[in-house]
Amino acid sequence: MRFGIPIILKYKNPSNDPITIDIDYDAKLLSLIKLGISKTNPSLFKELYGKPTQKLFATSVYFPEATFLKDKIVLNQEGKLILFFSVADVGLGLSFYNAFIYLHHLRLNKNSKPLTFGPNLVAEVWKLYSIEVPSITKDQVMFKTMSPLILRNDEGRFISCEKESDIEDFNKALIRNTITKLAAHPELVHYAQKLKFIPVRTRKTIRKSYGMMIEATKGTFELIGNPALLSFLLECGIGEKTGSFSGMMSVI
C-alpha cells in the first residue's frame, strides 16, 4: 500500500513572506504522523513509538518547486509539500490510512485547533490518495531513491555507496538490516542473505535529522534478489530510519 498526503503550510499570522522551513524538518513532520496514530490507534502508537523499533514502513517527502538552501527549504507559493507513505502489511497500512484521514478531517472541522508546525507555522493535511505499486516478477530490478538510503557498518558508522570500493561494506550492512525486518517473514531470510545492491548512478549525501548529520545514499541502483523479497522491500523500504523519511524507493 502506498499513499500520497498533500500538506499545506501557512503562517500563523498573515504574512507575504515565502514559507520557509528548516532543513531538519523530521521532528515537526513526524509529530503530525504521531498525532494521527495516537488519536486513532493508541495501542499501535505505543508499540511503534513507545521505544525504538525497526519501522516496517517507508516515508519520503517531496517539495514541489521548492528552493533548497544550505540550512533552509523555501516552499512554493502554496507552501506545499507531499508526504509519501508506503507499507507492506495491509493491517498496518489501514491504521495509518485512518490516521491520515483523521488529520484531514481536522482541517475540515472549524472547531479544531490548527496543527502546529513549529513556532510560526500551521499545517493543513489534505485528503490522501493511493498510489499503485508495480508487481515485481524478476530477480533484478532498477530502482531510484525517493528518500536517502541510510545504513551503518559493523562499527556503527553511517556509510554510503558512492564508489565501487563501497559496495562490499554497503551490501553487508544492507543484508544485516534486511534480515532484522523479516521476523514475520522467516521464509524470506534465506533470500535476504543473497540480496545484492548494485549502484548505477548514486552519490553520497548528508542528511540532517534531529540535529545529526547522517551520511546517506541517493540515486539509481539495481537490486538482485528473490522477487517476493524485492516486493517486500519496495513497500516497506530499505535500510534504517525508514519511518523518518529515509529508505523509500520506486521502480524505474
Ignoring hydrogens, what is the shortest heavy-atom contact between [X] and [Y]? Give both atom names and the distance.
X: D24; Y: K208; value: OD1-O, 3.6 Å
X: A99; Y: G36; value: CB-C, 3.5 Å
X: A216; Y: I150; value: CB-CG1, 3.8 Å
X: P114; Y: V122; value: CB-CG1, 3.8 Å
X: A192; Y: L182; value: CB-CD1, 3.7 Å
X: S95; Y: L44; value: CB-CD2, 3.5 Å

pair [X]-[Y]: side-chain heavy atoms closer than 4.5 Å:
X: K80; Y: P6; value: yes
X: I33; Y: F85; value: no
X: I5; Y: W126; value: no
X: T178; Y: L229; value: yes
X: R107; Y: I8; value: no
X: T217; Y: T145; value: no
X: E187; Y: N226; value: no
X: I7; Y: L83; value: yes

What's the separation between atom [atom1] in [X] and atom [atom2] in [Y], rounded to the nearest 0.5 Å?
X: S60; Y: M249; atom1: OG; atom2: CE; answer: 12.0 Å
X: I131; Y: M1; atom1: CD1; atom2: CE; answer: 11.5 Å
X: I37; Y: F45; atom1: CD1; atom2: CZ; answer: 9.5 Å
X: Q77; Y: I19; atom1: CD; atom2: CD1; answer: 11.5 Å
X: L230; Y: S135; atom1: CG; atom2: OG; answer: 12.5 Å
X: L9; Y: L115; atom1: CG; atom2: CG; answer: 10.5 Å

Query raised in the report: Taking the inter-plane angle between the rings of Y129 and F84 on a 0 to 90° scale, is it parallel (under 30°), tilted (30 to 60°) or perpendicular (over 60°)?
Result: perpendicular

Counting N and O atoms only, with roles assigned by atom type, does the side chain of [X] sit under 3.5 Å from a partner on the main chain of [Y], one being a donor and the other an acceptor?
X: D169; Y: D166; value: no
X: N153; Y: G156; value: yes
X: K55; Y: T53; value: yes
X: E240; Y: R152; value: yes
X: S160; Y: E162; value: no
X: S147; Y: G247; value: yes
X: K181; Y: G239; value: yes
X: N177; Y: A173; value: no

Do the side chains of [X] and [Y] join up, straight or via other hydrophobic residues, at under 4.5 Å, putting them in one cluster?
X: I175; Y: L149; result: yes
X: Y49; Y: L32; result: yes
X: L29; Y: F100; result: yes
X: L233; Y: I179; result: yes
X: F232; Y: M248; result: no

Query raised in the report: Are F221 and F170 close enough that their ring centres sit under 6.0 Å apart?
Result: no

**Report entry** F3-F96 aromatic ring centre distance below 6.0 Å
**Finding:** no

Query raised in the report: Step by step, would you call T20 with L69 a side chain to side chain contact (heavy atoms under 4.5 Å, CB included)?
Result: CA-CA 10 Å; T20 303; L69 306 176; 5.9 Å; no

Query raised in the report: With a 3.5 Å cut-off and no angle check, do the side chains of D26 and S209 form a donor-acceptor pair?
Result: yes

Counting neighbours of [atom1] on [X] that are heavy atoms of other residues, nucleotides or ligands and sit closer than 6.0 Å, is the number greater than 12?
X: Y97; atom1: OH; result: no
X: F143; atom1: CZ; result: yes
X: E168; atom1: CD; result: no
X: K34; atom1: NZ; result: yes
X: K127; atom1: NZ; result: no

Report task. Carefully, step by step, assess T59 and S244 under the rule side chain to side chain contact (heavy atoms under 4.5 Å, CB included). Result -> CA-CA 6 Å; T59 48; S244 299; 5.7 Å; no

Query raised in the report: V87 and L56: side chain to side chain contact (heavy atoms under 4.5 Å, CB included), yes or no, with the steps?
Result: CA-CA 7 Å; V87 62; L56 296 181; 5.9 Å; no

Report task. Would you sort out whether I136 and E235 count as a side chain to side chain contact (heavy atoms under 4.5 Å, CB included), showing the intermediate values? Result -> CA-CA 11 Å; I136 293 180; E235 292 202 288; over 6 Å; no

**Report entry** salt bridge (charged side-chain N to carboxylate O under 4.0 Å, His left out): pairs with one or both residues in residues 130-142, sequence neighbours excluded
**Finding:** none

